[in-house]
Amino acid sequence: MEGFSLALTPINLVWVVVGCVLGTAVGVLPGLGSAMAVALLLPVTFSLDPVGAFIMFAGIYYGGLFGDSTTAILMNTPGNSTAIASTFEGHRMAKRGRAPQALATAAIGAFTGGLLATILVVFFAPVLAELATVFGPAEYFALAVVAFVATAAVVADSVVKGVAALAIGLAIALVGVDAISGAARYTFGIPSLLDGIDIVVITVGLLALGEVLFIASRIHKDPQATAMKISGRPYLSGKEFREALPAWLRGSAFGLPFGAIPAGGAEIPTFLAFGLERNLDRRRADPQFGTGAIRGLAAPESAANATAGSAMGSLLALGLPTSATAAIMLAAFQQYGMQPGPLLFVRNGELVWALLASLFIGMIVLLVINLPFAPLWAKLLMIPKPYLYAGITVFSALGVYASSGSIFDVAMLTVIGLLGFALRRFGLPLAPVLIAVILGPLAETSLRRTLAISEGDPGALFSSGLTITLYCLLLLGVAWAAYSRLRNRAQVDI
C-alpha cells in the first residue's frame, strides 16, 4: 500500500504515462525493440530521483514489449525475439483485415500475463528465487532439447522440413568463437563474424526482409498483395474474448516459471505456448491455425509478458537478470548505487514497492492508451504495398545499423533476407530456425559443461528428477503428436 501511495502521486503518474508512450514508440521501430527502448532511454532518467526514474522504467519496460508485438503483428517484424511466435498467427489476422482485433488480443494478453506475473512476484519472490537455483547445465540442456523438438517435430507441419529448418538454425548459431575453447568456427577468415551473427540481424532478416522479398516475388500472383480492408473495431467481441481467454491463461502458465530461469528470455515459453495451442487446434472440428487463429496470438503474448513480469521478480529478489531487458535494468540499478538482491528489500524497500506498484499501474495505462489506438496502428497496413514494404526495408536496415553501427551487419541482413526468402519459397518453417539460433549456444554450452563436470559420463544428462521429468514430458508430447497425425490421416483416408 505504501508503494501504491508513492506511485500514485501526480508527478509519478506522469512518469508512468511518459514511459509507456516512449517505450511503445521505440518498440514499434523494426529492429529495435523493448531492450533497445530501455537502453536508449536510460540516460533520460538520470536527471530524475531514483523512485521517479524506476517508475518511468516500469512504463518503458512494458511499453517496449507492446511495441515489439505491434510490429510483429502488422509488419511481420518482431521488435524482439520474444515476439517471434506472435508473428505467425498475428500477422495472418492482420492480412485478413483483423489487425485492430489482433492488437487488442495482444494488449489484453499482455495485461493478463503481466498482471498474473506481478501478483506472483509480490507474494512469492522467495519461491521464484528457489526455482532459479534448481537449474544446472543438465537442466538447461534438457530445456533446450524440449524447445528444439517441440518446434521442429510438433509445431512444424512436416517433421522432415522441421528438422531441416532446425539444422539450418543450428548451423547459423555455430558461427563465431567457441565460448568454451575460444576457437573460431565457420568465420571464413572474416573478423566481423568472430562475434557470431547478431540475433537482431537474423530475426529482422528472416522475418522482415525475407517477407519483403517473398511478397515482391509474388506481387502479380498473390491476390492478398492488394490493399487490405481493415475492420476498425478496437475491441474483441464476446465470442472472440471467450475464444482467447483460455489461451491467455495457458500462455501465462507457461511464462510464469520461465522469468526466474536465466534461459535468455521468453522465447521458450512463447514457442511452447504456441505449440500447445496448435496441437489443441488440430483436435477441433474446424482447425483455424494457418488462417489467423486468435488463440495462436493470445497464448504467446500472455506468455511473453508473464515471463517479463516474473523476470522482474528474479532481478529484484536475486539480482539475476534473466533477459536482455532485465540486464539493462540491472545496469540502471547500479547506476544509482543499488545492487538488486535480498538486501534491496531491506535497504531500499520504498523504491522496490513503488516500482512493483508502478508495474500494475503501467499495465493499466498501456491498456487504456493502446486499445483505442489499435485502429490507428492498423492503418499502417492501408499504405500501398510498394511504399509499405519499401519502408519496412529501410527501417529494417536502419534498425540493424542503429543497434550495431556496422555496415557488415547490413550486408549480413541481405544474406539472411535471401535465406528467409528461400525458406518461404520451399515451404520450410521459420520457427525452428529462429529457436535454434536463439537456444543453440545455450544448449551447446550446457551440454559441454555437463559432460566436463561428469568427466564424459552421458548419464549426467539424466541425473536429476527435473531432467527426467522434462524428457518424459517431451516423449509424451511427441507420442501424442504422432498419434494425432496418424488419426487425422486415417480420417482423411476414410
Side-chain angles (χ1 to χ4, degrees), residues 31 78 81 84-85 87-88 137 140-211 213-214 263-265 267-268 271 275 396 400 403-404 406 408-451 461 474:
S81 55
I84 291 170
T87 62
F88 303 129
Y140 286 135
F141 178 71
L143 203 60
V145 170
V146 168
F148 290 154
V149 177
T151 51
V154 179
V155 175
D157 290 323
S158 163
V159 175
V160 174
K161 288 183 177 180
V163 172
L166 184 72
I168 291 171
L170 289 173
I172 295 172
L174 289 174
V175 174
V177 173
D178 178 9
I180 293 180
S181 70
R185 303 183 299 189
Y186 308 111
T187 60
F188 306 101
I190 302 173
S192 298
L193 286 177
L194 290 173
D195 289 332
I197 304 173
D198 192 271
I199 186 62
V200 173
V201 176
I202 296 169
T203 54
V204 173
L206 283 179
L207 294 168
L209 193 56
E211 177 78 3
L213 295 173
F214 185 70
E267 294 86 2
I268 298 176
F271 277 103
S396 297
V400 166
S403 65
S404 64
S406 169
F408 181 81
D409 278 357
V410 178
M412 282 305 303
L413 174 71
T414 307
V415 174
I416 299 294
L418 291 170
L419 174 63
F421 167 73
L423 291 172
R424 288 171 171 82
R425 174 66 181 80
F426 295 105
L428 269 69
L430 298 178
V433 180
L434 293 164
I435 201 69
V437 167
I438 293 163
L439 294 180
L442 174 71
E444 181 194 9
T445 303
S446 300
L447 173 63
R448 293 170 67 178
R449 283 179 179 166
T450 304
L451 295 177
L461 297 171
L474 175 62

Output the distance between atom CG (D409) and atom CD1 (I416), rounded to the nearest 0.5 Å.
10.5 Å

Between V433 and L428, is any pair of side-chain heavy atoms under 4.5 Å apart?
no

Grab the two heavy atoms, one from S446 and one from P137, that are nearest each other, plus how far apart they are.
CB-O, 3.2 Å

Could you walk me through whether I172 and I168 pass the side chain to side chain contact (heavy atoms under 4.5 Å, CB included) check?
CA-CA 6 Å; I172 295 172; I168 291 171; 4.2 Å; yes

Supply the atom-to-atom distance R424 CZ to L213 CG, rounded to the nearest 0.5 angstrom.
9.0 Å

Check step by step if side chain to side chain contact (heavy atoms under 4.5 Å, CB included) holds for D178 and E444.
CA-CA 10 Å; D178 178 9; E444 181 194 9; 4.1 Å; yes

L413: which of L209, L418, I197 passes side-chain contact (heavy atoms from CB on, under 4.5 Å):
L209

With the side chain counted from C-beta on, respond yes when V201 and V410 share a heavy-atom pair under 4.5 Å apart, and no when they do not.
no

Least distance between heavy atoms, V175 atom then Y186 atom:
CG1-O, 3.7 Å

Considering all heavy atoms of both residues, which atom of A144 and which atom of A443 are nearest to each other, and what is their separation?
CB-CB, 3.6 Å

Does atom CZ (R448) have a neighbourhood of more than 12 heavy atoms from anything else shown, all under 6.0 Å?
yes

May I ask you to test the V177-T187 pair for a side-chain heavy-atom distance under 4.5 Å?
no

Is the count of non-hydrogen atoms from other residues, nucleotides or ligands lying under 6.0 Å from R425 atom CZ greater than 12?
no

Could you go through the side chain to side chain contact (heavy atoms under 4.5 Å, CB included) check for F421 and F426 one step at a time?
CA-CA 9 Å; F421 167 73; F426 295 105; over 6 Å; no

What's the shortest heavy-atom distance between A173 and P441, and which atoms?
CB-CD, 4.0 Å

What's the spacing between F148 CZ and L166 CG if we round to 0.5 Å?
6.0 Å

Are L170 and V437 packed together at the side-chain level, in the sense that at least one heavy-atom pair is separated by less than 4.5 angstrom?
no

Any chance you could measure F188, atom CZ, to L193, atom CG, to the nearest 0.5 Å?
8.0 Å

I want to check something: taking the side chain as every heavy atom from C-beta on, are I190 and F408 in contact at a cut-off of under 4.5 Å?
yes

Are F88 and F271 side-chain neighbours, meaning at least one heavy-atom pair lies under 4.5 Å?
yes

